[in-house]
Amino acid sequence: MIANVIVDVPAKQTNRTFDYIIPDAMRGWLAIGSRVGVPFGPRVVQGFVVSMSERADVAASKLKPIAQVMDLVPPLTPELVELARWMSRTYLCHEITALQAMIPGALKAKYERYVTLGGAADEEAAAQGFGQLSFDNRADIAAFVRSKEHVPLEQLLERFAGDGALIQSMIKSGELLEVQTIKNRLSAKKVLVVYPPEDPSVLEACVSKLPAGAKRQKEVLEHLIRNPAPVRLTELALELNVGAGTVKGLADKGWIGLRETEVFRDPYAGREFKRTQPLPFTEEQAAVFEPIQAALTAVRHEVFLLHGVTGSGKTEVYLQAIRQCLDQGREAIVLVPEISLTPQMVERFKGRFGSEVAVLHSRLSNGERYDEWRKIALKQVRVVIGARSAIFAPFTSLGLIIIDEEHETSYKQEDSPKYHAREVAIERAIRHRAAVVLGSATPSLESYYRASERDDRSGAAGRQAGPGGSPFAGVNAGRAAAVAHPSAYRLLTMKERVQGRPLPPVHLVDMREELKQGNRSMFSRPLYKAIEERLEKKQQVVLFLNRRGYSTFVMCRECGHTLGCPHCDISLTYHQSSQTVRCHYCGYAEPQARTCPSCSSEHIRFFGTGTQKVEEELGKLFPGIRVIRMDVDTTTEKGSHEKLLTMFRNREADVLLGTQMVAKGLDFPDVTLVGVIAADTVLNLPDFRAGERTFQLLTQVAGRAGRHELPGEVFVQTYTPEHYSIVTASGHDYEAFLEEELRMREAGGYPPYYRLILITISHEQIPMLVRTAESLVGHIKELLLRETDGSDDAMVLGPVASPIPRIKDRYRFQCMIKYRGDSQLPSLIAKAAEAFDDVCRQHNVQIGIDVDPQLLM
DNA sequence: AGCACGCCGACT
DNA sequence: GTCGGCGTGCTC
């Protein structure tokens with residue numbers, strides 16, 4: 001048997017399997033998904049076994065054996081290995097990148113190289129050294145290494161800087177021995193646990209054997225006779241107020257056992273979760289639950305789009321679907337946007353499913369995340385709730401995947417592998433015949449379009465898993481066809497808020513009018529009045545400001561000069577905390593100037609409204625007002641997010657002022673006013689999804705008001721009150737928004753009608769860049785003409801200068817490809833670009849290809 | 001990605 | 001004549 005291994009070298013040339021001999025000793029426990037160390041060229045690297053075959057496709061003489069197996073249990077399942085392959089094709093990433101994304105960072109390889117003295121050779125060399133009276137550091141190096149036994153290579157090279165060649169020759173001659181290891185970044189946490197003998201009464205005999213002075217040891221033994229369960233050493237020592245040494249003494253006598261035992265770092269240790277019972281469903285909840293339950297019972301893959309207004313009780317539907325799934329002996333994944341993965345959210349799931357739940361999110365320490373992940377891998381839990389990457393939970397019989405707030409952009413990973421969790425979820429669900437529930441008050445256009453398509457398609461049932469046999473059989477079997485002609489989602493709708501509370505009225509405030517009336521402040525008069533009123537009535541206010549608005553640029557009022565980054569064509573952003581201006585693209589920073597660098601005027605000011613500025617302004621307008629500001633600056637500390645919300649809940653403030661993070665899922669009974677300071681900040685972004693994002697944001701924010709007895713009210717300040725995104729959001733009218741937005745998308749050739757691929761080409765000099773870009777795009781155009789016979793199934797736009805024409809001193813051009821139908825196009829484009837590899841390497845041109853991962857349909 | 005091999009300029 | 005620059009190519 002030969003193992004086919006993907007090695008930990010993310011490069012085009014190594015993006016394939018390499019074959020290795022499986023040593024006999026590993027036969028039993030090496031499996032698909034095993035993490036291994038393999039010799040690769042002159043070094044040892046980490047890799048994953050992705051398949052096994054009878055024969056290698058290279059000469060047997062080239063084969064080397066696997067050096068080590070890293071884990072007792074493979075960290076990946078065959079299904080995940082297959083999924084990684086799908087990801088690499090779909091999102092154009094290296095297979096190893098996809099595989100690495102599936103395991104916790106703690107398991108990422110750490111390569112260490114160190115040197116030791118090389119056996120017999122060193123006497124001879126030392127003698128030689130003396131004989132020649134050499135002037136080099138040979139003897140010093142040997143002595144240094146001898147004194148330390150083993151020295152990391154890096155440290156040695158640093159200590160004897162300039163002797164790199166000498167050290168190398170010493171390694172070659174055998175004077176020094178170079179050793180390489182692969183280590184985990186982190187391993188399971190171990191603690192010492194005291195194990196009393198099985199029959200604790202034997203300890204009684206021991207007590208009498210103790211010398212009279214050993215009072216402490218006697219106490220310990222007596223305690224263990226009374227409490228014979230294994231106990232942590234630290235706990236025991238603390239409880240009896242004795243030193244650890246006392247207990248260790250007993251272990252040395254052999255009377256009690258003391259062993260290192262693996263434990264989980266539990267981020268929720270010591271927290272009690274009150275058990276909750278299923279709540280009775282409303283009529284609507286029951287209606288949407290029924291088809292989900294049916295799919296689960298039938299073990300049938302189906303995707304549901306649960307469109308429910310804010311406060312309609314989607315979570316209870318999730319909880320009961322999960323219960324159903326668990327009762328069938330299957331497992332469930334719940335994805336929640338990072339930002340709404342709050343303790344309250346976790347509590348709801350832990351309250352219902354107790355210790356069956358693992359939680360994965362970015363606020364965990366590496367160790368905690370690793371342990372939660374191990375609970376999944378070791379089958380100690382059956383429910384995972386987590387952010388984006390929790391979609392890779394190594395379950396083996398998934399029954400249900402829930403994606404809450406499915407429209408959220410945080411489900412899309414921005415760096416490689418650029419996947420979308422929603423798409424990965426569906427891909428996994430197909431393989432497991434699992435149900436997927438996409439929940440949102442404002443579904444993404446992609447999802448809603450697919451759900452409504454169903455009507456025109458004679459109600460085809462959900463997509464079934466691949467043809468016959470195991471759902472994991474064959475990597476490619478039936479896959480391409482399934483992706484090219486995906487089935488529709490099933491739309492489930494909930495229009496009523498639980499207990500029939502009305503959605504709050506939304507007032508649009510035209511800021512142009514305000515300006516005309518001479519109001520130059522950031523608060524319109526209606527919003528000002530509304531805040532004043534709430535303060536009087538001792539009710540609470542949520543104020544929302546988009547984060548983008550915080551990106552303040554610096555401009556001179558005298559000459560109009562704007563501070564820009566010297567390396568990128570982008571304005572610098574002012575950071576108050578450090579009194580600097582910074583570039584968000586290359587990290588360039590300089591101290592904030594007091595005078596304009598262009599005209600030396602002192603009238604240099606920041607523009608754009610930030611949360612800090614709003615806070616200041618509130619203080620001026622409403623003396624004594626208590627404001628809690630929640631943004632990146634105030635929530636970096638661990639747990640601060642929760643702390644601020646608790647303060648607000650406890651009525652320690654009148655106003656909660658924040659960015660996106662106040663828009664999500666918060667539920668405070670005394671909030672009766674929500675104000676949106678500037679609704680158009682997102683709208684004006686050069687992004688075809690700007691309208692959609694504005695609608696979603698406004699709808700989410702508006703949903704924060706009047707969720708309890710007190711009726712709520714929303715004020716939205718805008719310079720474009722006639723824009724359909726804002727008008728439809730204020731009327732809580734998703735369908736109307738959808739209709740308009742779809743019309744725009746169709747006219748513009750955007751998703752969901754077309755998929756997009758963005759090619760970015762960069763170079764230090766414009767002429768070379770233009771030449772390469774035009775030649776590449778010409779090549780692609782030709783190729784597509786051949787592929788599509790000139791139909792309008794594919795369009796190539798550009799090349800044109802990128803929205804940010806220069807980053808890190810490199811000029812950038814882009815080319816957008818819009819296409820529909822053929823899902824193999826990304827690979828085709830990647831191949832076309834490969835023809836330019838040589839030219840690019842020679843002239844240092846960079847080509848990047850991004851597949852918009854929201855669009856796979 | 002590393003790392004070695006290999007072919008041309010500034011030094012002992 | 002050699003040391004060393006980094007271009008090119010390979011890793012089972």
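These numbers come from a predicted model, not from an experiment. Below, read A as the first sequence line, B as the second, and so on, with proteins coming before strands; counting in each chain starts at 1.
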Nearest whole angstrom, please: distance from the [atom2] of [N] to the [atom1] of [X].
| X | N | atom1 | atom2 | result |
| --- | --- | --- | --- | --- |
| K12(A) | dG9(C) | NZ | C1' | 15 Å |
| Q842(A) | dG7(C) | CD | P | 11 Å |
| I96(A) | dA1(B) | CD1 | P | 14 Å |
| N844(A) | dG7(C) | CG | P | 11 Å |
| N15(A) | dG2(B) | CG | C1' | 17 Å |

When you compare the protein's N or O atoms with those of nucleotides 10-12 of chain C, which come within less than 3.5 Å of each other, and at what distance?
from	atom 1	to	atom 2	distance (Å)
dC10(C)	N4	Q13(A)	OE1	3.3
dT11(C)	OP1	K62(A)	NZ	3.4
dT11(C)	O3'	G41(A)	N	2.9
dT11(C)	O4	Q13(A)	OE1	3.3
dC12(C)	OP1	Y20(A)	OH	3.3
dC12(C)	OP1	P39(A)	O	3.1
dC12(C)	OP2	K64(A)	NZ	2.2
dC12(C)	O3'	D19(A)	O	2.7
dC12(C)	O3'	K64(A)	N	2.7
dC12(C)	O2	D19(A)	N	2.7
dC12(C)	N4	R16(A)	NH1	3.3
dC12(C)	N4	R16(A)	NH2	3.1

Open item on the list: Can you tell whether the side chains of D415(A) and K418(A) come within less than 4.0 Å, N to carboxylate O?
Closed with: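 No salt bridge links D415(A) with K418(A).
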Task: Note: K375(A)-E372(A) ion pair, threshold 4.0 Å (strictly below) - done: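 Judged by the 4.0 Å cut-off on N to carboxylate O distance, K375(A) and E372(A) do form a salt bridge.
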TODO: Report which part of the nucleic acid A56(A) touches: base, sugar-phosphate, or nothing (heavy-atom distance under 4.0 Å, all strands).
DONE: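 Answer is nothing: A56(A) stays at 4.0 Å or more from every strand.
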Task: Which atom of I32(A) lies closest to which atom of M52(A), heavy atoms considered - done: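 Taking I32(A) first and M52(A) second, the nearest heavy atoms are N-CE, 3.9 Å.
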Task: For the student: nearest non-hydrogen atoms of F395(A) and R428(A), plus distance - done: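 Reported closest heavy-atom pair: O-NH2, 3.5 Å.
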Task: Quiz item: cation-pi between R374(A) and Y370(A), 6.0 Å / 45° - done: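 Yes; both conditions hold, so R374(A) lies above the ring face of Y370(A).
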TODO: Please confirm whether H779(A) and F836(A) have ring centers closer than 6.0 angstrom.
DONE: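 Here the rings of F836(A) and H779(A) have centres that are less than 6.0 Å from each other.
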